[in-house]
Chemist: 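Here it is, the structure in full.
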Amino acid sequence: TRIQRSQPALYSSITSRLITLLCLSAPGGVSLVVPQPNINATVAQNILLSVEYSCRGVATIEWKHVSSWGTTSIAEWRSGHYVNISTVYKDRVTAFENGSIQLRNVGMRDAGYYFVTVMEEHGTNAYGTILVNVYEIIYEDLHFVAVLFAFLAAVSAILICFMWLCNKSLHLFQKKTTHKLTASTTEEIELETIEC
């Protein structure tokens, strides 16, 4: 009875070890890492759609862009062999051996989802997605700030001039008052002299 009970456990252990060895030694198996799944960019900026893949065989990498304008194939290449970049992206895309691509001079139409597929020669695939948001530089805001600054500077200059004029007027008024007081005092002295 002891032998009968231990045999299924022994067979189960051997079977699981054999499956593990077969999985490790079998060709195929691909992994893909997307370190930055969300990218924010401004118009005319260059962005790197970074991925890292590993596989035992030769891999084919394919990138596609999906947005409200539709789906566009960007590039496809076989590691160490060829790179096929679509004519739409011909002058704006650089492909790298690790599966990443650089997109230069992005525009508003470049916003959307970027799908990467790594296809291993034995039929294993891995998929990754990167969301790219593209923002315009709003010059109207800068224009508003510049106009506001100019307006405040003009108001400040006017206030300074007004204060200077007020100061001058006050000074002239004080001079006239002092002169009148001096004249009236002189007259009073003369009158007192005449009365005496």
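Since we're looking at a predicted model, the values are computed, not measured.
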Chemist: Are any side-chain N or O atoms of E121 and backbone N or O atoms of V58, one a donor and one an acceptor, separated by less than 3.5 Å?
Modeler: yes
Chemist: Just by distance, no angles: are the side chains of N125 and Y127 close enough, under 3.5 Å, to form a donor-acceptor pair?
Modeler: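 Looking only at side-chain atoms, Y127 and N125 do form a donor-acceptor pair, the distance falling under 3.5 Å.
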Chemist: Starting at CD1 of I85, measure out to CD1 of I101 and round the result to the nearest 0.5 Å.
Modeler: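 That separation rounds to 8.5 Å.
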Chemist: Do you know the tightest heavy-atom contact between L32 and A126?
Modeler: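 Reported closest heavy-atom pair: CB-CB, 3.8 Å.
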Chemist: Quick check for you: to the nearest 0.5 Å, what is the distance between N98 atom CG and I61 atom CD1?
Modeler: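 Here the interatomic distance stands at 8.5 Å.
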Chemist: Is there a path of hydrophobic side-chain contacts, each under 4.5 Å between heavy atoms, that joins V34 and Y114?
Modeler: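 Linked, V34 and Y114 end up in one cluster.
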Chemist: Tell me, with the steps shown, if H65 and V132 meet side-chain contact (heavy atoms from CB on, under 4.5 Å).
Modeler: CA-CA 10 Å; H65 175 225; V132 174; over 6 Å; no
Chemist: Please write out which residues are connected to L48 in a hydrophobic cluster, directly or through intermediates, given that two of Ile, Leu, Val, Met, Phe, Trp, Tyr count as joined at side-chain heavy-atom separations below 4.5 angstrom.
Modeler: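 Hydrophobic cluster check, L48: joined to F96.
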Chemist: Do you know the tightest heavy-atom contact between S67 and R109?
Modeler: OG-O, 4.4 Å
Chemist: Is S86 reaching over with its side chain to a backbone N or O of S73, donor-acceptor style, under 3.5 angstrom?
Modeler: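 The answer is yes, because a donor-acceptor pair under 3.5 Å joins these two groups.
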Chemist: Under 4.5 Å between any side-chain heavy atoms of E76 and T60, yes or no?
Modeler: yes
Chemist: Which pair of non-hydrogen atoms, one from C55 and one from G57, has the smallest distance, and what is that distance?
Modeler: SG-O, 3.1 Å
Chemist: Quick one: does any side-chain atom of E52 pair with a main-chain N or O of V33 as donor and acceptor, under 3.5 Å?
Modeler: no
Chemist: Pairs in or reaching into residues 86-100: which pass salt bridge (Lys or Arg N to Asp or Glu O under 4.0 Å), with residues at least two apart or in two chains?
Modeler: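 Listed by first then second residue: R92-D110.
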Chemist: Supply the atom-to-atom distance E62 CD to N84 CG, rounded to the nearest 0.5 angstrom.
Modeler: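 Going from CD on E62 over to CG on N84, the span is 10.0 Å.
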Chemist: Has S100 got a side-chain atom pairing as donor or acceptor with V51's backbone, closer than 3.5 angstrom?
Modeler: yes
Chemist: Not counting sequence neighbours, list each pair that qualifies as a side chain to side chain donor-acceptor pair (under 3.5 Å) and has a residue in residues 41-50.
Modeler: T42-Q45
Chemist: Would L49 and V106 show up in the same hydrophobic cluster when neighbours are defined by side-chain heavy atoms closer than 4.5 Å?
Modeler: yes
Chemist: When Ile, Leu, Val, Met, Phe, Trp and Tyr are grouped by side-chain heavy atoms lying under 4.5 Å apart, directly or through other members, which residues fall in the same group as V66?
Modeler: Y113, F115, L131
Chemist: Would a hydrophobic clustering, with Ile, Leu, Val, Met, Phe, Trp and Tyr connected at side-chain separations under 4.5 Å, put Y135 with L103?
Modeler: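 Unlinked, Y135 and L103 end up in two clusters.
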Chemist: Under 3.5 Å, which donor-acceptor pairs link side chains of residues 150-168 to any protein atom two or more places apart or in another chain?
Modeler:
| residue | atom | partner | partner atom | Å |
| --- | --- | --- | --- | --- |
| S156 | OG | L152 | O | 2.8 |

Chemist: How long is the span from the CE atom in M119 to the OG1 atom in T124, to the nearest 0.5 Å?
Modeler: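 Interatomic distance, M119 CE to T124 OG1, rounded to 0.5 Å: 12.0 Å.
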Chemist: Report the residues that fulfil side chain to side chain contact (heavy atoms under 4.5 Å, CB included) with M108, sequence neighbours left out, ordered by chain and then residue number.
Modeler: V43, V134, E136
Chemist: If hydrophobic clusters are built from ILVMFWY residues whose side chains come within less than 4.5 Å, do Y89 and I130 share one?
Modeler: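 Yes, Y89 and I130 fall within the same hydrophobic cluster.
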Chemist: Between W63 (side chain only) and G99 (backbone N and O only), is there a donor and an acceptor less than 3.5 Å apart?
Modeler: yes
Chemist: Closest heavy-atom contact between Y53 and S79?
Modeler: OH-CB, 3.3 Å
